[in-house]
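Working notes, structure below.
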Amino acid sequence: MAIVLLTLVALQIKVNAMVKTIGILILGGVALTGLSCSSRSSPPITPSAKLLKIDLGKIRSLTLSKDDSVAGDAWVARLHANQKGEWELLSGPHGESLLDRRADSNWVTHFLDTLQTLQAEGRAPRGTLASYGLHRPIFRVNWRETGNEKESELRIGGEDGPGGTVFAQVDDQEDVLLLRGAAIRMLASLTEFKVIRARRLLTFMLDEMDEVLIEVAGARKKYYQRQGEFWADAKNRRYRGLDQERIQLAFAALEHLRIETFPDIEESPISSGLSAPARDLGSKGLQAGQVRIRFRDRNGVATLLAFERKKGKRIATLSSRPESSFILFDEAEKWVAQLARLP
């Protein structure tokens with residue numbers, strides 16, 4: 001009888017232990033279910049997922065705002081695409097009127113293209129907007145597509161994220177994302193407002209021109225006309241050898257002339273009175289240091305480029321950018337000077 005009682009007691013102990021184990025498993029399952037439900041409340045982000053869906057052909061307005069409190073660099077660039085698809089600036093960095101509104105269309109187009117490739121690596125760790133630098137974003141990018149009244153917005157924080165990412169928010173979403181992509185690097189290249197202005201002086205390429213007439217103060221006029229890939233004189237005699245090479249090199253250098261200072265909004269010792277110092281050189285005789293070049297394209301349309309020297313700097317005026325003159329980088333001096341030495 002004692003043996004039977006001992007056996008029953010042992011069985012009861014095992015049953016109790018099994019019940020406890022089952023209870024623990026059930027509770028654990030409930031807990032795990034609760035965790036998975038909380039994670040599903042915010043849909044997971046697929047690593048390297050493309051973030052923005054943009055129809056580039058429909059974007060006609062773009063605003064880039066920079067607010068770098070550390071560097072003291074704050075400005076807004078409001079851009080609009082004209083009927084030719086060229087991007088223009090509607091105002092200066094602080095709302096000023098601009099004499100020359102031409103923007104760097106290649107930069108803008110490339111930037112919009114890279115927006116499509118932005119990748120979301122995931123959500124940021126828990127924190128405040130201030131910890132991400134998003135309480136005062138270093139960059140805001142706003143754009144609107146034709147036919148869509150709603151404006152899209154991308155905000156980039158001033159603090160660096162993990163693994164080379166940046167903290168960002170899109171539109172009115174509260175989630176803070178970890179982004180990477182070429183668009184971030186392009187924004188970082190905007191060290192000042194004028195980076196987005198058209199700093200390449202010419203508005204055309206030399207292979208679009210069929211005739212070039214060069215006048216240098218104190219030298220005879222020089223005329224060149226295109227013969228296929230080469231240049232010839234007024235009597236259709238093609239320049240040969242080194243002469244042809246020098247002409248080609250000089251014209252290629254003109255294509256790469258770049259603007260250092262835009263006198264309409266930038267302070268410079270020679271900015272005063274530079275609204276258009278060489279605009280009337282098309283009808284006046286040339287003074288010392290002045291150069292005048294007339295280009296004519298295959299449709300017979302003429303463009304006048306004029307240079308003068310002031311306080312050691314080269315000033316340029318171009319008839320296809322008629323509202324302002326421009327101060328060029330110092331390298332322009334050697335290229336303009338060599339025009340007098342062409343055959």
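Residue numbers run from 1 in the order of the sequence given. Everything numeric in this text was worked out from a predicted model, so none of it was measured.
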Answer yes if [X] and [Y] sit in the same cluster of Ile, Leu, Val, Met, Phe, Trp and Tyr residues linked by side chain heavy atoms under 4.5 Å apart, and no otherwise.
X: L134; Y: L187; value: no
X: L318; Y: W335; value: no
X: L129; Y: V141; value: no
X: L201; Y: F251; value: yes

Just so I know, are the side chains of [X] and [Y] near enough to count as touching, which here means a heavy-atom distance under 4.5 Å?
X: E211; Y: Y224; value: no
X: F139; Y: V166; value: no
X: E323; Y: D264; value: no
X: N106; Y: W87; value: no
X: L328; Y: V336; value: no
X: V301; Y: F204; value: no
X: F262; Y: L99; value: no
X: D67; Y: P137; value: no

To the nearest 0.5 Å, what is the distance between [atom1] on [X] and [atom2] on [Y]?
X: L90; Y: R101; atom1: CG; atom2: CZ; result: 5.5 Å
X: R140; Y: I156; atom1: CZ; atom2: CD1; result: 11.0 Å
X: K194; Y: I259; atom1: NZ; atom2: CD1; result: 10.0 Å
X: L342; Y: I247; atom1: CG; atom2: CD1; result: 6.0 Å
X: E96; Y: L89; atom1: CD; atom2: CG; result: 11.0 Å
X: N142; Y: R78; atom1: CG; atom2: CZ; result: 10.0 Å

Enclosure of E245 CD (heavy-atom neighbours >12, cutoff 6.0 Å) = no
Considering non-hydrogen atoms only, spot the tightest contact between [X] and [Y] and give its length.
X: R197; Y: D100; result: NH2-O, 2.7 Å
X: K66; Y: D73; result: NZ-OD2, 2.9 Å
X: A250; Y: L339; result: CB-CD2, 4.4 Å
X: M186; Y: S189; result: O-OG, 2.5 Å
X: F193; Y: S91; result: CZ-O, 3.7 Å
X: Q290; Y: E308; result: NE2-OE1, 3.4 Å

Main-chain N/O of [Y] paired with [X] side-chain donor or acceptor, under 3.5 Å:
X: E145; Y: S152; answer: no
X: R200; Y: E255; answer: yes
X: E208; Y: R298; answer: no
X: D171; Y: Q173; answer: no
X: Q244; Y: Y239; answer: yes

**Request:** Run the numbers on R199 and F326 for side-chain contact (heavy atoms from CB on, under 4.5 Å), then give the verdict.
**Result:** CA-CA 9 Å; R199 301 182 75 180; F326 311 97; over 6 Å; no
| query | Salt bridge or not for R309 and E333, using N-O below 4.0 Å? | reply |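 E333 and R309: salt-bridged.
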- Query: Less than 4.0 Å between a side-chain N and a carboxylate O, is that true for D233 and R238?
  - Reply: no
* Go through V76 and L64 one step at a time and tell me if the side-chain contact (heavy atoms from CB on, under 4.5 Å) criterion holds. => CA-CA 6 Å; V76 178; L64 300 172; over 6 Å; no
_For K58 and N148: C-alpha separation, side-chain torsions, deciding distance, then whether side-chain contact (heavy atoms from CB on, under 4.5 Å) applies._
CA-CA 9 Å; K58 291 185 177 181; N148 187 354; over 6 Å; no
Would R155 and E153 count as a salt bridge (charged side-chain N to carboxylate O under 4.0 Å, His left out) if you check the C-alpha gap in whole Å, the side-chain angles of each, and the deciding distance to 0.1 Å?
CA-CA 7 Å; R155 299 180 295 283; E153 181 177 73; 2.6 Å; yes
Exercise. Hey, mind stepping through K313 and D330 against side-chain contact (heavy atoms from CB on, under 4.5 Å) and telling me if it holds?
Worked result: CA-CA 7 Å; K313 286 285 189 177; D330 290 342; 2.7 Å; yes
